[in-house]
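Below: the structure, in structure tokens.
Model, not experiment: these values are computed from the prediction. If you read the sequence from its start, that first residue is 1, and numbering goes on from there. Only heavy atoms go into these numbers, but all of them, side chains included; no hydrogens, no water, no symmetry mates.
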Amino acid sequence: MTVNHQEEFIHHTVLLDEAVNALDIQGARTNAIFVDGTFGRGGHSRKILSQLGPQGRLISFDKDLYAIANAQQITDARFHIVHDSFATMSEALQEQGVAQVDGILMDLGISSPQVDDAERGFSFRNDGPLDMRMDTTRGISAAEWLAQEDEQKIREVIENYGEERFAFQIAKAIVARRASESISSTRQLAELVAHTVKTREKGKDPATRTFQAIRIFVNKELEDLEIGLAAAYDSLAPHGRMVVISFHSLEDRIVKQFFASKAKVVQPDRRLPIREADLPKPQMRLISRIKPSEEEVLRNPRARSAIMRVAERLTGEA
């Protein structure tokens with residue numbers, strides 16, 4: 001498999017300046033270490049490197065072979081790329097001899113080249129193999145999964161990960177169709193959904209939610225996010241910052257709840273004789289919730305749904 005044909009696709013890094021500024025690189029120690037959880041096409045990573053001091057380090061992660069090939073073009077000695085999910089952050093940092101980091105950025109969106117390249121199978125707009133895997137060296141493709149999964153599980157995935165109210169009808173149609181022919185292309189699936197979904201949301205293709213759901217499931221995106229958030233928090237030094245950019249409500253809900261769980265404190269009964277110094281304290285401070293500006297959305301419509309949340313670790317305690 002070649003990994004250079006995606007250079008023709010244009011990618012606009014969402015919230016580039018806002019995300020990197022939120023890491024507060026300038027306020028960090030001279031030998032600060034940062035993590036970019038999703039290298040993508042390298043916009044955030046390159047911006048972080050441009051602000052890092054000569055003794056700083058950046059460790060980036062990505063599951064996508066095209067992203068890895070792009071990252072390997074960076075010759076900066078301060079930079080290291082890991083071909084894996086950010087869910088493996090704890091183990092990867094340990095292998096790099098890193099105990100704590102000063103900031104972590106996690107951009108949860110898929111890149112424009114991934115969507116625009118029909119061969120990747122992410123988009124219902126372009127016909128191509130129904131694959132959808134971020135890492136094509138691991139796991140099973142969307143086509144393989146649809147060919148072997150039972151109807152109930154398909155319905156649950158489309159309903160829970162796509163928030164699709166016609167999940168039952170779509171799952172039933174998929175199982176019926178595969179009995180006579182394999183569903184192996186994006187066009188086949190998109191047309192099947194279009195024929196099954198009778199009412200359509202204004203301005204949205206009827207296959208949008210189904211494709212989102214299957215992509216999330218095949219790549220274990222929500223499971224990786226939950227593991228990755230916990231690993232990121234455990235890896236943060238006191239006053240280190242976590243910056244997370246999400247693109248749909250399921251992701252943002254997980255991020256919001258995780259940050260809230262670290263920022264809120266259950267206070268003991270006031271009648272108990274506990275000194276103020278011994279009272280439980282929040283583990284994180286919520287800093288901001290930012291959405292792309294109107295100018296950015298006009299320049300890059302795919303940024304419209306992005307939400308960036310920023311929090312800072314307050315203590316060294318777990």
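Gln212 and Tyr161 make their closest contact through NE2-O, 3.0 Å (heavy atoms, listed as atom of the first residue, atom of the second, distance). Leu93 and Ser235 get closest at one heavy-atom pair: CD1-OG, 3.6 Å.
Remark: Ile254 CD1 to Glu223 CD distance equals 8.5 Å, nearest 0.5 Å. We find the NE2-CG distance between His248 and Asp252 to be 10.0 Å, quoted to the nearest 0.5 Å. One finds the CZ atom of Arg41 at 5.5 Å from the CG atom of Asp64 (value rounded to the nearest 0.5 Å). Atom-to-atom distance recorded for Leu298:CG and Ser293:OG is 8.5 Å, nearest 0.5 angstrom. How far CD1 of Ile158 is from CZ of Arg165: 15.0 Å, rounded to the nearest 0.5 Å. Ser50 contributes atom OG, which lies 9.0 Å from atom CD1 of Ile48 (distance to the nearest 0.5 angstrom).
Between the side chain of Glu164 and the backbone N or O of Phe166, at least one donor-acceptor pair lies under 3.5 Å. Put simply, the side chain of Asn219 never gets that close to the backbone of Arg133: no donor and acceptor are under 3.5 Å apart. Panel note: side chain Arg78, backbone Arg57; no donor-acceptor pair is recorded below 3.5 Å. Listed for the Thr88 side chain is no donor-acceptor partner under 3.5 Å among the backbone atoms of Asp84. A distance-only check finds no donor-acceptor pair linking the side chain of Ser185 to the backbone of Asp127 [under 3.5 Å]. A side-chain donor-acceptor contact under 3.5 Å links Asn160 to the backbone of Glu156. Although no hydrogens or angles enter the test, the distance criterion places no donor-acceptor pair under 3.5 Å between the side chain of Glu149 and the main chain of Trp145. Between the side chain of Thr186 and the main chain of Gly128, a donor-acceptor pair closer than 3.5 Å is present. A distance-only check finds no donor-acceptor pair linking the side chain of Gln169 to the backbone of Val197 [under 3.5 Å]. Without hydrogens or angle criteria, Arg313 side chain to Tyr233 main chain gives a donor-acceptor distance under 3.5 Å.
Met106 places a side-chain heavy atom less than 4.5 Å from the side chain of Ile104. Asp107 has its side chain within reach of Phe247: a pair of non-hydrogen atoms, C-beta onward, lies under 4.5 Å apart. The side-chain heavy atoms of Arg177 and Ser182, taken from C-beta on, include no pair separated by under 4.5 Å. Side chains of Pro282 and Leu314 form a contact here, defined as non-hydrogen atoms less than 4.5 Å apart. Between Arg29 and Gln55 the shortest side-chain heavy-atom distance does not fall below 4.5 Å. No side-chain heavy atom of Gln188 sits less than 4.5 Å from a side-chain heavy atom of Leu192. Put simply, the side chain of Ile68 reaches to within 4.5 Å of the side chain of Gln72, judged on heavy atoms. Proximity of Ile214 to Met132: side-chain heavy atoms (C-beta onward) are separated by under 4.5 Å at one or more points.
At a threshold of 4.5 Å between side-chain heavy atoms, the hydrophobic network of Ile, Leu, Val, Met, Phe, Trp and Tyr places Val98 and Val82 in one connected group. Leu222 is connected to Met242 through a chain of hydrophobic side-chain contacts under 4.5 Å among Ile, Leu, Val, Met, Phe, Trp and Tyr, so both are in one cluster. Cluster annotation: Phe168 and Val157 are assigned to distinct hydrophobic clusters (Ile/Leu/Val/Met/Phe/Trp/Tyr, side-chain heavy-atom contacts under 4.5 Å, transitive). Residues Val14 and Val297 fall into different hydrophobic clusters, defined by Ile, Leu, Val, Met, Phe, Trp and Tyr side chains chained together at heavy-atom separations under 4.5 Å. Side-chain heavy atoms closer than 4.5 Å link hydrophobic residues (I, L, V, M, F, W, Y) into clusters, and following such links, even through other members, never connects Val310 to Ile307.
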- Could you go step by step and tell me if Lys153 and Phe217 meet the side-chain contact (heavy atoms from CB on, under 4.5 Å) rule? CA-CA 11 Å; Lys153 181 64 176 181; Phe217 177 80; 3.8 Å; yes
- Task: Determine, stepwise, if the pair Ile74 / Phe39 fulfils side-chain contact (heavy atoms from CB on, under 4.5 Å).
- Result: CA-CA 12 Å; Ile74 298 177; Phe39 180 84; 3.8 Å; yes
- Query: Yes or no on side chain to side chain donor-acceptor pair (under 3.5 Å) for Arg302 and Asn300, after CA distance, side-chain angles and deciding distance?
  - Reply: CA-CA 5 Å; Arg302 287 175 175 165; Asn300 177 23; 5.7 Å; no
- Query: Step by step, would you call Gln51 with Asn21 a side-chain contact (heavy atoms from CB on, under 4.5 Å)?
  - Reply: CA-CA 10 Å; Gln51 295 188 14; Asn21 290 341; 4.0 Å; yes
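Checked against salt bridge (Lys or Arg N to Asp or Glu O under 4.0 Å), Arg285 has the following partners two or more places apart in sequence or in another chain: Glu312. Under the rule for a salt bridge (Lys or Arg N to Asp or Glu O under 4.0 Å), Arg46 has no partner lying at least two apart in sequence or in another chain. Applying the side-chain hydrogen bond (donor to acceptor under 3.5 Å, both in side chains) rule to Thr137 yields the partners Asp135; only residues at least two apart in sequence or on another chain are considered. Legend: residues meeting side-chain hydrogen bond (donor to acceptor under 3.5 Å, both in side chains) with Glu163, ordered by chain and number and at least two apart, are Ser249. In this structure Ser85 satisfies the side-chain contact (heavy atoms from CB on, under 4.5 Å) test together with Lys63, Ala87, Asp224, sequence neighbours excluded. Thr210 is linked by a side-chain hydrogen bond (donor to acceptor under 3.5 Å, both in side chains) to nothing, counting only residues two or more places apart in sequence or in another chain. Under the side-chain contact (heavy atoms from CB on, under 4.5 Å) criterion, Ala19 pairs with His44, Leu105, Val243, Ile245, Met308, sequence neighbours left out. Judged as a ring pair (Phe, Tyr, Trp, His ring centres under 6.0 Å), and not counting sequence neighbours, Phe34 has no contacts. Partners of Phe86 according to the ring pair (Phe, Tyr, Trp, His ring centres under 6.0 Å) rule, which considers only residues two or more places apart in sequence or in another chain, do not exist here. Checked against salt bridge (Lys or Arg N to Asp or Glu O under 4.0 Å), Asp17 has the following partners two or more places apart in sequence or in another chain: Lys47. Under the salt bridge (Lys or Arg N to Asp or Glu O under 4.0 Å) criterion, Arg289 pairs with no residue, sequence neighbours left out. Residues passing the side-chain hydrogen bond (donor to acceptor under 3.5 Å, both in side chains) test with His195, sequence neighbours excluded: none.
Surrounding CD of Gln94 are at most 12 heavy atoms belonging to other residues, nucleotides or ligands under 6.0 Å away. Residue Arg138 qualifies as enclosed at atom CZ: its count of foreign heavy atoms under 6.0 Å is above 12. Counting heavy atoms of neighbouring residues, nucleotides and ligands inside a 6.0 Å radius, atom CZ of Arg187 does not exceed 12 of them.
The residues Arg155 and Glu151 are annotated as not salt-bridged, no charged nitrogen and carboxylate oxygen being separated by less than 4.0 angstrom. Of the charged side-chain nitrogens involved, none lies within less than 4.0 Å of a carboxylate oxygen, so that Asp102 and Arg241 do not count as a salt-bridged pair.
In this structure, a donor-acceptor pair under 3.5 Å is present between the side chains of Ser45 and Asp36. Judged purely by distance below 3.5 Å, without hydrogens or angles, the side chains of Gln148 and Glu144 never pair a donor atom with an acceptor atom.
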